Protein chains: 2
Amino acid sequence: MAARRTPSTRATINDVAARAGVSRGTVSRVLNSEVYVSEAARTAVEAAIHEVGYVRNAAARNLVTRRSQAVGLIVHEPHSLFLEDPNIGSILLGINSALSEADYQLVSLVIDSDRDIARVAEYLTGGFVDGVVIISARAGDPIGHVIAESGIPAAFVGHPIDIEGIPYVGIDNRSAARAITERLMATGRRRIGMIAAGLDRDSGQDRLAGFTEALGDRFDAELVVEVPLYSYGSGVDGMRVLLETRPDLDGVFAASDALAAGALDVLREAGRSVPADVGLVGFDDSAWAVRTQPPLSTVHQPAGALGRRAAELVLAQLRGEDVGLGGTFLDTAIVWRASA
Amino acid sequence: MAARRTPSTRATINDVAARAGVSRGTVSRVLNSEVYVSEAARTAVEAAIHEVGYVRNAAARNLVTRRSQAVGLIVHEPHSLFLEDPNIGSILLGINSALSEADYQLVSLVIDSDRDIARVAEYLTGGFVDGVVIISARAGDPIGHVIAESGIPAAFVGHPIDIEGIPYVGIDNRSAARAITERLMATGRRRIGMIAAGLDRDSGQDRLAGFTEALGDRFDAELVVEVPLYSYGSGVDGMRVLLETRPDLDGVFAASDALAAGALDVLREAGRSVPADVGLVGFDDSAWAVRTQPPLSTVHQPAGALGRRAAELVLAQLRGEDVGLGGTFLDTAIVWRASA
DNA sequence: GCGACTTCTGTGAACGCTCCCAGTTCGGGC
DNA sequence: GCCCGAACTGGGAGCGTTCACAGAAGTCGC
């Protein structure tokens, strides 16, 4: 019985069995709370587990069950955006609570460099997780393709442009953008500009399309400026450009609250009063929106619900249900504050 | 050879071996890039891997190697704080980059409800991770104790009050608070208040202690207000209380930038000009600091470096090195902006 | 008193890897 | 021609579980 390799100090199911005077099988039955275990055996096993300090070896279990009871969340954001995007936290908590209720463990994997991509792909396909939720994937994202090919149950939050075969949840960006632009027009604004971002994703394109639609004949391409990120800094840059090309504008739709916050500071610097001279609206209803002066009118995005729904899509697939491949769109609401 | 159970569609190392016309052992050697593999065998195996679409089963590997090449990050924050704390993102990226370089996978586990605690504990002790970094643990945190007892290599970011035996990295909150308070005094302020938070952790207590120390004889307990969270909302509440009890104050040290941002809005509402009437300083040098009007003078916290250092402490333990049990303190710097 | 259940238990056989030992082959050096 | 070490390969054993099956013991109705 002498151990030939490392003595392996950890207690195994056999140690528990020996201590409790029963067999492996019975211990396993107790561990998995199956029926057909006598009360005496159960208590003896439970005591033994406590005495030898046993904890189940996950690797051995996963090997035979082919499941890990874990679901991955892939966050693939450039540095700055990840730090700023206020929705990610809410989405994450929504996912976590849905998984938690189903007794699945959420494990978040961040991709921050090219090195990370291969490692994460291996982690996912290697069986560490049973399913995966991907947020903010973008066109050409290699991880998305790895997942699509591997056939692991998955769901996107937000629709990636070029990956088919995976369900997703999102909001109807186009309608929301159209609605808030219309409301802005209804306040009497006539020369409305837009700071657009994220045009490499559906979400960004749809916000722009909704804006265009709302303006109809009045649309003027000169009043749209495209910036690279949904960030405060991009908002500053975008607003400067807009003010320079069209100093006569009287309304601005920023594609995110962070952009709007940046735009607001530029307007203030330029001596334009908001909302008296220029009406300004954002998108997201993030923490930003209530902290600017004046607070922002914006589109409320149900971030927590988005996460929860995506997690539920993965769980349903794990139960073997057919969830279809289309998108699920959750409702947005316009929040009218003082900035427009 | 007929499979008796589920057909198990996935290719195994045996399939690869058969295809390449070599043995399991040789395939394994190629997989782990060991020496003593002939060029012919290597190319044959690589081709076979590609042909059968083989990916290594992590569970089987972990079972025999007793390692997972993964390190956990435990985030245990109440809802609101988690969403607001701007440092968490930077810490996370710091940890990730250090682990990534050492070819370890970071998996983040969030604890958001009591249900989560037991599951996360099982996940950690079950062998899913080789080590763990804990951020923002607080007194009595059960996860901290589970980790301490299990003996799994770990490191804290920020010092927990009641857990010994685990190394940690942090900043010298007391010195930093003293320094910024002194700078505030040097601008001629005489009645300086403080909005204190997080007094259930060392960090919060130390910031208060540093403030008290700097004031010396001039310290006046009436000028300190304690709030529950490091949040914008708490800053609003705290500042209202301070203004009511001591309308004559001319300086405020807020224990975080978020608190300071809340305080700033209250001061503005009350018609006090910052910095003319009241000098205001924060703590963290977060995204908040540069976006208030005026931008905040504050203490720069090296969040990314904190994360990186904590990860390195775990990696060192994984290599079998002795890292000691004390704390590592990284330097802070005062950033002087317009608010004081 | 016997068969048919129900309840409970033990054990062999995987799961898919890595590790290690025992070969086998090959090329020099004497 | 022989020996020896280096280079390479195959395969048995084992990691710690779960699963399926066989069987033991107890209960019940007739």
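The structure presented is a predicted model; accordingly, all values stated were derived computationally and were not measured. Within every chain, numbering begins at 1; the chains are lettered A, B, ... in the order of the sequence lines, protein sequences first and strands thereafter.
No donor-acceptor pair under 3.5 Å is formed between the side chain of B:Gln69 and the backbone N or O of B:Gln105.
Here B:Val37 lies in heavy-atom contact (under 4.0 Å) with sugar-phosphate atoms only. Within 4.0 Å (heavy atoms only), A:Val22 reaches sugar-phosphate atoms of the nucleic acid but no base atom. Among the heavy atoms of the strands lying under 4.0 Å from A:Arg56 are primed sugar atoms or P, OP1, OP2 only; no base atom is included. Within the 4.0 angstrom heavy-atom criterion, only backbone atoms of the sugar-phosphate kind lie near A:Ala41; the bases stay farther away.
Each of B:Ala60 and B:Arg24 has a nearest nucleotide on DNA chain D; the 5'-most of these lies closest to B:Arg24. Nearest-nucleotide mapping onto DNA chain C: of B:Gly25 and B:Leu63, the residue sitting toward the 5' end is B:Leu63. Each of A:Thr26 and B:Leu31 lies near DNA chain C, and the nucleotide nearest A:Thr26 is the one positioned closer to the 5' end.
Following rounding to the nearest Å, A:Arg29 (CZ) and D:dT18 (C1') show an atom-to-atom distance of 10 Å. Spacing between atom CZ of A:Arg66 and atom P of C:dC15 amounts to 7 Å, rounded to whole angstrom units. Separating the CZ atom of B:Arg61 from the C1' atom of C:dC19 is a distance of 13 Å, rounded to the nearest angstrom. Computed from coordinates, the B:Glu39 CD to D:dA7 P distance equals 15 Å when rounded to whole Å. B:Asn57 has its CG atom 18 Å from the P atom of D:dC15, to the nearest Å. Atom pair A:Asn14:CG and D:dG14:C1' shows a separation of 12 Å (rounding to whole Å applied). Atom CD in B:Gln69 sits about 15 Å away from atom C1' in C:dC17, given to the nearest Å. Atom CG in B:Asn62 sits roughly 19 Å away from atom P in C:dC15 (whole-Å rounding).
The pair B:Glu101-B:Arg308 meets the salt-bridge criterion, since a charged nitrogen lies less than 4.0 angstrom from a carboxylate oxygen.
Residues A:Ile74 and A:Ile135 are not in side-chain contact: their nearest non-hydrogen atoms beyond the backbone lie 4.5 Å or more apart.
The 12-atom threshold is exceeded at CZ of A:Arg56, counting heavy atoms of other residues, nucleotides or ligands nearer than 6.0 Å. Counting heavy atoms of neighbouring residues, nucleotides and ligands inside a 6.0 Å radius, atom CZ of A:Arg119 exceeds 12 of them. More than 12 heavy atoms of other residues, nucleotides or ligands shown are found within 6.0 angstrom of CD on A:Glu46.
OP1 or OP2 of C:dT18 has at least one side-chain nitrogen or oxygen of B:Asn32 nearer than 4.0 Å. The phosphate of C:dT18 has OP1 or OP2 within less than 4.0 Å of a side-chain N or O from B:Ser28. Distances shorter than 4.0 Å separate none of the side-chain N or O atoms of A:Thr12 from OP1 or OP2 on D:dC15. Between B:Ser23 and D:dG10, a side-chain N or O to OP1/OP2 separation shorter than 4.0 Å is present. A close approach under 4.0 Å does not occur between any side-chain nitrogen or oxygen of B:Tyr36 and OP1 or OP2 of D:dG5.
At a cut-off of 3.5 angstrom, the base of D:dG16 holds no donor-acceptor pair with the side chain of A:Arg10.
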